[in-house]
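Written below as structure tokens is the structure these notes are about.
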Amino acid sequence: MADRRQKRGPLEVDTSRPSTSRVYDFMLGGKDNYEADRRLALRVLEIAPGAPEAARANRDFLTRVVRFLAAEAGVRQFLDIGAGLPAQDNVHEVAQSAAPDSRVVYVDHDPIVLVHGRALLAVDDRTAVVEGDARDPDAIIDDPETRRLLDLGEPVGLLMLGVLHHLADHEDPAGTVARLMERLPSGSYLAVSHFHDPVDHPEASNQAYAAEKLFNEAFGTGRWRTREEILACFDGLELLEPGLVPLPEWRPGSGGRAKPGLAHHTLVGGVARKP
């Protein structure tokens with residue numbers, strides 16, 4: 001792996017421009033962010049004061065999904081695309097607490113994510129951090145580290161949390177998911193969380209519109225899609241109960257608490273199985 005990284009050249013972190021991963025880190029209360037990220041985060045908070053709550057809901061959703069897949073569905077290998085910066089309860093930690101033989105491949109294209117991820121995970125031979133972009137599914141699946149850790153003859157848990165809303169419509173997010181799932185065997189699972197435009201909730205929809213405008217100004221990317229548009233990402237798969245719902249409502253357990261704020265309506269998720 002070291003040889004491959006050397007061939008690709010040193011990773012350069014641009015701290016003068018905001019990064020989606022680092023803004024997310026700020027919303028989670030992390031420390032791996034810079035002045036440009038914090039300035040943008042404060043602008044986001046002016047539009048959506050519930051953004052930190054939404055970030056935590058996304059992280060909690062990840063934890064519940066991975067625990068379900070490892071402890072109940074019997075999944076032993078995970079592909080986390082758009083993994084983001086390491087935080088509390090990372091995928092390998094949750095999965096391996098339920099099934100110690102679980103293997104995890106983290107994928108991201110943000111240099112700071114790759115630097116931090118590799119530094120923290122280098123001692124774990126069941127975990128790898130791969131440089132890749134969701135828009136090039138075959139390169140991710142065919143990466144030597146992916147093929148080393150994942151047996152594509154056995155079910156895989158594909159995690160795409162907070163990723164697809166950064167693909168523009170012309171980049172065909174549903175088609176991207178379909179190409180990835182085509183490479184995975186029957187019995188594999190897909191988990192998605194996505195910015196949502198709740199058109200039947202005018203106040204939340206207006207907030208979604210304003211946030212989308214800001215994200216496109218800052219990153220050139222970001223789409224708050226309708227329920228029907230997000231459901232297209234699950235075409236051909238068996239969507240598990242309770243379906244596509246606000247994140248706190250996905251199998252919350254006895255300790256789960258669904259929040260009624262606007263952020264509750266503007267971030268949804270679901271899990272589906274490949275028949």
Side-chain angles (χ1 to χ4, degrees), residues 20-21 24 54 57-58 61-62 65-66 69 73 75 78-84 91 105-110 130 132-143 146 150 152 155-200 204-205 208-209 211-213 215-216 219-247 249-250 265-275:
T20 56
S21 296
Y24 181 55
N58 192 63
F61 175 67
L62 170 68
V65 167
V66 173
L69 293 178
V75 174
F78 297 83
L79 181 60
D80 184 4
I81 298 180
V91 173
V105 175
Y106 294 100
V107 181
D108 212 296
H109 62 80
D110 186 329
V130 168
D133 192 306
R135 289 163 289 200
D136 192 354
D138 289 329
I140 292 172
I141 298 294
D142 294 328
D143 187 283
T146 303
L150 303 187
L152 298 186
V156 174
L158 173 60
L159 309 173
M160 302 193 77
L161 275 59
V163 176
L164 296 172
H165 50 233
H166 291 299
L167 300 186
D169 291 345
H170 73 269
E171 292 172 314
D172 190 14
T176 296
V177 172
R179 291 195 299 277
L180 283 162
M181 293 304 295
E182 283 172 4
R183 299 291 306 273
L184 304 182
S186 297
S188 293
Y189 289 81
L190 167 70
V192 168
S193 67
H194 199 296
F195 289 151
H196 176 229
D197 180 0
V199 293
D200 57 347
S205 184
Y209 174 80
E212 180 174 292
K213 183 177 179 181
F215 265 60
N216 279 276
F219 302 121
T221 178
R223 277 281 281 114
W224 273 248
R225 293 188 166 94
T226 65
R227 177 179 179 81
E228 290 70 25
E229 289 174 316
I230 301 170
L231 283 172
C233 297
F234 296 101
D235 282 353
L237 306 176
E238 299 170 348
L239 191 61
L240 306 185
E241 292 294 335
L244 183 67
V245 295
L247 298 186
E249 295 182 9
W250 196 89
H265 302 281
T266 54
L267 189 59
V268 298
V271 178
R273 181 181 183 275
K274 181 176 179 178

Would a distance-only check, ignoring hydrogens and angles, find a side-chain to backbone donor-acceptor pair under 3.5 Å from [X] to [Y]?
| X | Y | result |
| --- | --- | --- |
| D143 | A139 | no |
| E171 | A168 | yes |
| T221 | H166 | yes |
| Y189 | V65 | no |
| T146 | D142 | no |

Residue set satisfying side chain to side chain contact (heavy atoms under 4.5 Å, CB included) with R227, at least two apart, ordered chain then number -> H196, L231, L244
Does the distance from a Lys or Arg side-chain N to an Asp or Glu carboxylate O, for D138 and R183, drop under 4.0 Å?
yes
For a quick test of reading the model, state the closest non-hydrogen atom pair linking [X] to [Y] and the distance between them.
| X | Y | value |
| --- | --- | --- |
| A204 | P198 | CB-CG, 3.5 Å |
| F78 | L150 | O-CD2, 4.0 Å |
| P242 | E249 | CG-O, 3.7 Å |
| E212 | G222 | CG-O, 3.3 Å |
| L247 | G269 | CD2-N, 3.3 Å |
| S186 | P275 | OG-O, 2.9 Å |

Those residues at least two apart in sequence (or on a different chain) that pass ring pair (Phe, Tyr, Trp, His ring centres under 6.0 Å) with F61 are W250
The single option from V156, L69, V66 that satisfies side-chain contact (heavy atoms from CB on, under 4.5 Å) with V75 is L69
For this session: Given side chain to side chain donor-acceptor pair (under 3.5 Å), test T226 with D197 step by step and report yes or no.
Result: CA-CA 5 Å; T226 65; D197 180 0; over 6 Å; no
Margin query: Parallel, tilted or perpendicular: which one describes the rings of H165 and H194, with boundaries at 30° and 60°?
Written below: perpendicular
If you apply the rule side-chain contact (heavy atoms from CB on, under 4.5 Å), what do you find for M160 with L190, and how did you get there?
CA-CA 8 Å; M160 302 193 77; L190 167 70; 4.2 Å; yes
- prompt: Looking at side-chain heavy atoms only, is the closest gap between L267 and F195 below 4.5 Å?
  reply: yes
Rounded at 0.5 Å granularity, tell me how far [atom1] in [X] sits from [atom2] in [Y].
| X | Y | atom1 | atom2 | result |
| --- | --- | --- | --- | --- |
| D172 | R135 | CG | CZ | 12.5 Å |
| D110 | D133 | CG | CG | 11.5 Å |
| L239 | C233 | CG | SG | 11.5 Å |

Applying side-chain contact (heavy atoms from CB on, under 4.5 Å) to I81 and L180, what does each step give before you reach the verdict?
CA-CA 11 Å; I81 298 180; L180 283 162; 3.8 Å; yes
The complete set of side-chain hydrogen bond (donor to acceptor under 3.5 Å, both in side chains) pairs with one or both residues in residues 230-241, sequence neighbours excluded, reads none
Handout entry: Worked check of side-chain contact (heavy atoms from CB on, under 4.5 Å) between L184 and L152
Key = CA-CA 6 Å; L184 304 182; L152 298 186; 4.0 Å; yes
Show, in sequence, the C-alpha distance, side-chain angles and deciding distance for D169 and R225, and conclude whether the side-chain contact (heavy atoms from CB on, under 4.5 Å) test is met. CA-CA 10 Å; D169 291 345; R225 293 188 166 94; 2.9 Å; yes
